[in-house]
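Order of the sequence lines sets the chain letters (A, B, ...), proteins ahead of strands, with each chain counted from 1.
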2 protein chains.
Amino acid sequence: MSTSSAPVRMTRQRAAVADALEGTDEFRSAQQLHETLRTRGDAVGLATVYRTLQALVDGGEVDVLRTEDGESLYRRCARREHHHHLVCRRCGRTVEIDGPTVEAWAAMVGAEHGFGEIEHTVELWGTCRDCREA
Amino acid sequence: MSTSSAPVRMTRQRAAVADALEGTDEFRSAQQLHETLRTRGDAVGLATVYRTLQALVDGGEVDVLRTEDGESLYRRCARREHHHHLVCRRCGRTVEIDGPTVEAWAAMVGAEHGFGEIEHTVELWGTCRDCREA
DNA sequence: CAACCGGCTGAGAATCGTTGTCAACTTCAG
DNA sequence: CTGAAGTTGACAACGATTCTCAGCCGGTTG
């Protein structure tokens with residue numbers, strides 16, 4: 001038997017998207033990445049950018065989070081373990097942080113109220129020094 | 001001088017939306033509320049539902065949060081002070097919670113990295129007992 | 001090295017929640 | 001009661017994301 005998972009192919013497009021993510025430590029939107037690639041010369045269809053990002057997210061390679069106005073931002077994070085982010089709402093610059101106590105707290109509060117399958121969203125937004133001075 | 005803010009009028013539609021929110025303690029989407037009102041008999045245009053909800057949010061009368069797939073959910077909360085939520089992802093049932101230490105922690109982490117104007121998002125999602133048993 | 005199978009791509013259409021438009025309408029001060 | 005101005009609602013417009021599907025190409029096989 002097999003896991004019947006389709007073999008994943010390495011294509012120019014996938015390499016390009018992955019590379020664009022490697023190139024920055026800021027959270028970027030799919031559209032920004034698409035634009036970056038187009039400018040850089042290795043154009044990739046927008047749909048493909050979205051598909052690739054989704055795949056990377058599913059594989060835990062990339063983190064996503066949503067802006068206040070619903071746009072998804074992607075970032076290749078250093079640590080694969082669960083963590084949170086302090087993101088500059090202006091430029092996307094990001095600092096990875098972990099809330100050692102948050103997980104436990106969330107699980108406890110959930111159980112306390114009879115809720116199961118608890119998940120939590122903890123993100124910090126701010127304006128980084130450079131953006132404030134600009 | 002004046003704040004030049006336009007006088008706010010009480011209309012059937014606004015009363016209806018406000019009432020629909022009073023009627024439940026669950027987070028509901030604009031579309032759900034619109035449907036509820038239509039079924040109940042006092043139909044209100046969808047655009048008006050959105051406008052009214054936005055106004056209530058701006059006035060701090062109502063809380064908003066976004067689903068994982070980007071939909072906005074609204075709820076008339078008991079306390080006006082800052083707090084967080086434990087929401088059933090299935091039915092919207094909600095428990096208000098406060099993270100006494102979260103605020104301080106967020107501000108500290110922000111300052112520590114040179115970020116200003118810190119805001120934080122802390123929401124818990126789970127499945128309530130009733131929905132799990134159903 | 002060439003043929004092939006099936007995953008992959010991309011341009012454009014389709015979704016979907018939400019916001020903008022604007023003529024008709026309603027609230028409420030005077 | 002009247003008029004000025006805030007409101008409403010049907011519908012168009014938007015913007016991010018997903019779907020379609022015919023053509024393309026990675027990689028394995030013979």
Side-chain angles (χ1 to χ4, degrees), chain A residues 2-21 27-59 61-75 89 92, chain B residues 2-21 27-59 61-75 89 92:
Chain A
S2 77
T3 52
S4 73
S5 63
V8 178
R9 290 187 191 165
M10 184 44 60
T11 63
R12 176 183 68 75
Q13 291 83 342
R14 289 183 181 166
V17 172
D19 188 66
L21 283 168
F27 267 97
R28 316 282 310 284
S29 71
Q31 317 241 13
Q32 286 179 317
L33 290 166
H34 172 254
E35 180 56 24
T36 297
L37 291 172
R38 207 167 60 67
T39 305
R40 172 195 295 189
D42 24 38
V44 173
L46 182 55
T48 300
V49 173
Y50 274 107
R51 275 186 298 240
T52 303
L53 287 172
Q54 194 49 61
L56 290 172
V57 169
D58 291 345
E61 302 271 324
V62 165
D63 280 12
V64 219
L65 55 79
R66 311 195 58 122
T67 308
E68 227 163 285
D69 45 270
E71 196 178 19
S72 291
L73 302 182
Y74 305 83
R75 177 177 190 269
R89 62 169 73 79
Chain B
S2 78
T3 54
S4 73
S5 62
V8 178
R9 291 186 190 166
M10 184 45 60
T11 62
R12 175 185 68 77
Q13 292 84 340
R14 289 185 181 163
V17 172
D19 188 66
L21 282 168
F27 267 97
R28 317 282 309 283
S29 71
Q31 317 240 15
Q32 286 179 317
L33 290 166
H34 172 253
E35 181 56 24
T36 298
L37 291 172
R38 208 168 59 66
T39 306
R40 172 195 293 188
D42 24 38
V44 173
L46 183 55
T48 299
V49 172
Y50 274 108
R51 276 187 298 241
T52 303
L53 287 172
Q54 193 50 61
L56 290 171
V57 169
D58 291 345
E61 302 272 324
V62 166
D63 281 10
V64 219
L65 55 79
R66 310 193 60 119
T67 308
E68 226 163 286
D69 45 270
E71 196 178 17
S72 291
L73 301 182
Y74 305 84
R75 178 177 190 269
R89 61 170 71 79

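Other residues, nucleotides and ligands contribute only 12 or fewer heavy atoms inside 6.0 Å of the CD atom of A:E68.
For B:R14, the side-chain atoms get nearest to D:dT8 when compared with the rest of D:dT8, D:dT17, C:dG17. Taking the side chain of B:E71 as heavy atoms from C-beta on, and the options D:dG9, C:dT18, C:dG10, the nearest nucleotide is C:dT18.
A 4.5 Å side-chain heavy-atom check between B:R14 and B:V8 finds at least one atom pair inside the cut-off.
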Expected rows: protein N/O vs nucleotides 1-4 of chain C N/O, under 3.5 Å:
none

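For the pair B:L33 CG and C:dT18 C1', the interatomic distance rounds to 14 Å; values are reported in whole Å. At whole-Å resolution of the value, CD in A:Q31 and C1' in D:dC14 are 12 Å apart. Spacing between atom CG of B:L37 and atom C1' of D:dT8 amounts to 14 Å, rounded to whole angstrom units. Going from atom CD of B:Q32 over to atom C1' of C:dC16 covers 15 Å, rounded to whole Å. Computed from coordinates, the B:L73 CG to C:dC16 P distance equals 17 Å when rounded to whole Å. Rounded to an integer number of Å, the gap from CZ of A:R28 to P of D:dT17 is 14 Å. In this structure, A:Y50 atom OH and C:dC16 atom P are separated by 17 Å, rounded to whole Å. Atom pair A:L46:CG and C:dC8:C1' shows a separation of 16 Å (rounding to whole Å applied).
Expressed to the nearest 0.5 Å, how far CD of B:Q54 lies from CG of B:D58 amounts to 4.5 Å. Atom CG in B:L65 sits 11.0 Å away from atom CD in B:E71 (nearest 0.5 Å). If you take OG1 on A:T48 and CZ on A:R12, they are separated by 9.0 Å, rounding to the nearest 0.5 Å. A:L33 CG to A:D19 CG: the interatomic distance, rounded to the nearest 0.5 Å, is 11.0 Å. Going from atom CG of B:D63 over to atom CG of B:L56 covers 11.0 Å, rounded to the nearest 0.5 Å.
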Completion exercise
In B/S/- notation (B base, S sugar-phosphate only, - none; protein heavy atoms under 4.0 Å), nucleotides 19-30 of chain D written 5' to 3' is BB----BBS---

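Using a 4.0 Å cut-off, no side-chain N or O of B:T48 falls inside it from OP1 or OP2 of D:dT7. Remark: B:Q13 is in phosphate contact with D:dG9, judged by side-chain N or O atoms under 4.0 Å from OP1 or OP2.
Within 4.0 Å of A:S29, counting heavy atoms only, lies no atom of the nucleic acid at all.
Using modelled atom types, no side-chain atom of B:H34 and backbone atom of B:G45 make a donor-acceptor pair closer than 3.5 Å.
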Practice task
Evaluate side-chain contact (heavy atoms from CB on, under 4.5 Å) for A:R28 paired with A:T36, printing each intermediate quantity in order.
Solution key: CA-CA 10 Å; A:R28 316 282 310 284; A:T36 297; 3.1 Å; yes

